[in-house]
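All values below come from the heavy atoms of this structure, side chains included, with hydrogens, waters and symmetry mates left out.
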2 protein chains.
Amino acid sequence: MQGLKLLIVDDEPDIVDMLAYNFEQEGMTVSKAYNGTDAIRIAESEVPQVILLDVMMPDVDGIEVCETLRQNSELKNTLIIFLSARGEDYSQVAGYKAGADDYVVKPVRVKILKHKIEVLLNRFGAKNESVDESNITINKQRYTVSHLGEEHIIPKKEFELLALLLSSPERVYRRDEILRDVWGDAVIGDRTIDVHVRKLRERFGDNVIQTVKGVGYKFAG
Amino acid sequence: MQGLKLLIVDDEPDIVDMLAYNFEQEGMTVSKAYNGTDAIRIAESEVPQVILLDVMMPDVDGIEVCETLRQNSELKNTLIIFLSARGEDYSQVAGYKAGADDYVVKPVRVKILKHKIEVLLNRFGAKNESVDESNITINKQRYTVSHLGEEHIIPKKEFELLALLLSSPERVYRRDEILRDVWGDAVIGDRTIDVHVRKLRERFGDNVIQTVKGVGYKFAG
DNA sequence: ATAATTGTTTAACATTTGGTTAACCTTATA
DNA sequence: TATAAGGTTAACCAAATGTTAAACAATTAT
């Protein structure tokens, strides 16, 4: 877990500190938040690999935070684990519905929590890197695309579209998924995606993005 | 979770039956075992996508079963979830060390268990791999069909039809079932299915899909 | 602030493809 | 051997996607 970024969210500072201490021992880089609003802000700027999220917090609760974060495609691969004193079925189900990866009932047993995180990271861990065996690489920090040794800066939407497809090369993204992820709630015509695909093909070659008729598009080296 | 194979292991038949009932409702194909030895035998022959494994059983206990199964590379991607009355830390840790993906303390809350399985399946996509003993494999994420080492992208309806037949190889699907599953409410003529079967046979060989006259079709390696 | 530039979306049209049908052929079995 | 079920083929049509240019928005430079 060395070097991974972890965000801990709870309105009780004691719990946050205790968890932070334990995971720092594991070599993780820990951020802290004591309410939902801060949690969202920090999560979006830091893009941690793991978030421990208390359910019950004043104002914005954990469920809302989770729902909000899951909208953000950058945080799609982030593990979100709920911590809650409430063990009731409906409460847990609500957590999963909001997009959680696990739901841990307090009191938290740190050892077990570590194992849970390890399992989840191992199970789908490598997926976080958007590097690819093909000759296209993107760098979200620098906002650049490397292709055949050249570094390109491309427009925002094109970049986001490419980043999405590249986040899981070979996997087909349906048009509605693309729409939701790249455009959010904006209502746009149905040719817009095609036009952006066209431009990416213009830049990097026709074979970079493959059409799956009736379904969507996928990145193909 | 449609079509996924699930193995339930517990020495108490009541629990096995209760769980089996619930997951069969989800469209899963359920196998049962009442002791560790049988569990290993069945797991190795069936290669289920998910195993629910009781920890405490006479003779060979769940931990041993899990360790044994993890040796088998065919079962590397199988989800193993422990069920146990013992919630102690060391017991859970032992479970994770043995290679478990999750550890659920009894009494089991089925709804929550379903969500857990769903999350894990979605996270690392075993759900999408319908591997089969024949030389045809489909991948729903990539929308591809592998046949003799080649990856094919085939039209949507053909893909869905193949996916359906492949979801339970050897089982015969009646024409009306196929219609309902692939075409939904659309009203189409009675030769349409045949034409699609024809195209699949053209691609992958005549023996891939078998006709059962008067009944329907089935996939046959 | 204004112009120039760059990025995004739309709209119109072209092209491609997949799905369906219809007509006819073949085969199993009652 | 009659008959119903399924197989085959090619043609048609509709839907999905590709393409382009131009309008519109947002940024950046002057």
Side-chain angles (χ1 to χ4, degrees), chain A residues 73 138 140 142-145 151-165 172-220, chain B residues 138 140 142-145 152-165 172-220:
Chain A
S73 68
I138 68 169
K140 283 192 182 170
R142 293 202 261 163
Y143 233 82
T144 55
V145 182
E151 279 225 325
H152 302 262
I153 293 186
I154 65 176
K156 197 175 167 209
K157 291 283 173 198
E158 281 176 57
F159 185 86
E160 285 171 357
L161 173 55
L162 182 61
L164 175 65
L165 297 181
V172 180
Y173 285 87
R174 277 175 287 110
R175 276 163 171 272
D176 61 275
E177 288 182 290
I178 294 174
L179 224 69
R180 209 170 44 71
D181 262 50
V182 178
W183 277 270
D185 298 323
V187 183
I188 55 155
D190 57 346
R191 296 268 60 71
T192 304
I193 293 179
D194 308 41
V195 173
H196 285 275
V197 167
R198 166 110 224 303
K199 295 201 167 148
L200 286 169
R201 284 175 173 161
E202 219 162 41
R203 284 183 210 279
F204 307 114
D206 283 0
N207 45 340
V208 169
I209 294 171
Q210 211 167 30
T211 305
V212 180
K213 253 209 160 179
V215 188
Y217 295 96
K218 69 172 174 171
F219 177 87
Chain B
I138 69 168
K140 284 193 181 167
R142 299 194 194 182
Y143 234 83
T144 54
V145 181
H152 304 263
I153 292 188
I154 66 176
K156 203 178 169 203
K157 291 282 177 203
E158 280 177 57
F159 186 87
E160 286 171 356
L161 172 55
L162 182 61
L164 175 65
L165 297 181
V172 181
Y173 285 87
R174 276 175 286 111
R175 279 165 168 269
D176 61 276
E177 287 182 291
I178 295 174
L179 225 68
R180 209 171 39 75
D181 262 49
V182 178
W183 277 269
D185 298 324
V187 183
I188 55 156
D190 57 346
R191 295 266 62 72
T192 304
I193 293 179
D194 307 41
V195 173
H196 285 278
V197 168
R198 167 102 228 305
K199 291 191 172 158
L200 286 169
R201 284 173 173 163
E202 214 164 44
R203 284 182 210 279
F204 306 114
D206 284 359
N207 45 339
V208 169
I209 294 171
Q210 215 163 47
T211 305
V212 181
K213 254 203 160 181
V215 189
Y217 296 96
K218 69 170 177 172
F219 177 87

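- What separates CD of A/Gln210 from P of C/dT17 is a distance of 13 Å, to the nearest Å.
- The shortest distance between the side-chain N/O atoms of A/Thr192 and the OP1/OP2 oxygens of C/dT10 is below 4.0 Å.
- Atom-to-atom distance recorded for B/Ile154:CD1 and B/Thr144:OG1 is 9.5 Å, nearest 0.5 angstrom.
- Using a 4.0 Å heavy-atom criterion, one finds that A/Val197 contacts no nucleic acid atom at all.
- Regarding contacts with the backbone of D/dG18, every side-chain N or O of A/Arg191 stays at 4.0 angstrom or more from both OP1 and OP2.
- In this structure, A/Asp176 places its CG atom 11 Å from P of D/dT17, rounding to the nearest Å.
- If you check every strand for non-hydrogen atoms under 4.0 Å, A/Phe159 touches nothing.
- Counting distance only, with no hydrogens placed and no angle test, the side-chain atoms of A/Lys156 and the base atoms of C/dT8 include no donor-acceptor pair under 3.5 Å.
- Comparing B/Asp194 and B/Lys199, the nucleotide of DNA chain D nearest to each residue sits closer to the 5' end for B/Asp194.
- Look at CG on B/Leu200: it is 12 Å from P on D/dG7, rounded to the nearest Å.
- In this structure, the CG atom of A/Leu161 is 11 Å from the P atom of C/dT8, given to the nearest Å.
- Considering only heavy atoms from C-beta on, B/Asp181 stays 4.5 Å or farther from B/Leu161 through its side chain.
- The side chain of B/Arg175 contributes no N or O atom lying less than 4.0 Å from OP1 or OP2 of D/dA5.
- Aromatic ring pairs are classed by plane angle as parallel below 30°, tilted from 30° to 60° and perpendicular above 60°; the pair A/Phe159 and A/Tyr143 is parallel.
- The distance between atom CD of B/Glu202 and atom C1' of C/dG18, rounded to the nearest whole Å, is 14 Å.
- Between B/Arg198 and A/Arg198, the residue whose closest nucleotide on DNA chain D is further toward the 5' end is B/Arg198.
- Salt bridge absent: B/Glu177 and B/Arg180 never bring a charged side-chain N and a carboxylate O closer than 4.0 Å.
- Ion pairing of A/Arg175 with A/Asp194 is present here, as a side-chain N (NZ or NE/NH1/NH2) and a carboxylate O approach within less than 4.0 Å.
- Atom NZ of B/Lys213 and atom C1' of D/dG7 are 10 Å apart (whole Å).
- Comparing B/Val195 and A/Val195 against DNA chain C, the residue whose closest nucleotide sits nearer the 5' end is A/Val195.
- Atom CG of A/Asp176 has more than 12 heavy atoms from other residues, nucleotides or ligands within 6.0 Å.
- Between A/Trp183 and C/dT9, a side-chain N or O to OP1/OP2 separation shorter than 4.0 Å is present.
- Per the geometry, CG belonging to A/Asp190 stands 13 Å off P belonging to C/dA12, to the nearest Å.
- In this structure, A/Thr211 reaches the sugar-phosphate backbone alone: every heavy-atom distance under 4.0 Å involves primed, P, OP1 or OP2 atoms, never a base.
- Checking the phosphate oxygens (OP1, OP2) of D/dA5, no side-chain nitrogen or oxygen of B/Tyr217 falls inside 4.0 Å.
- In this structure, B/Arg201 places its CZ atom 8 Å from C1' of D/dG7, rounding to the nearest Å.
- Backbone-only contact: B/Lys157 has heavy atoms under 4.0 Å from sugar-phosphate atoms and none from a base.
- Taking only side-chain nitrogens and oxygens, A/His196 never comes nearer than 4.0 Å to OP1 or OP2 of C/dG7.
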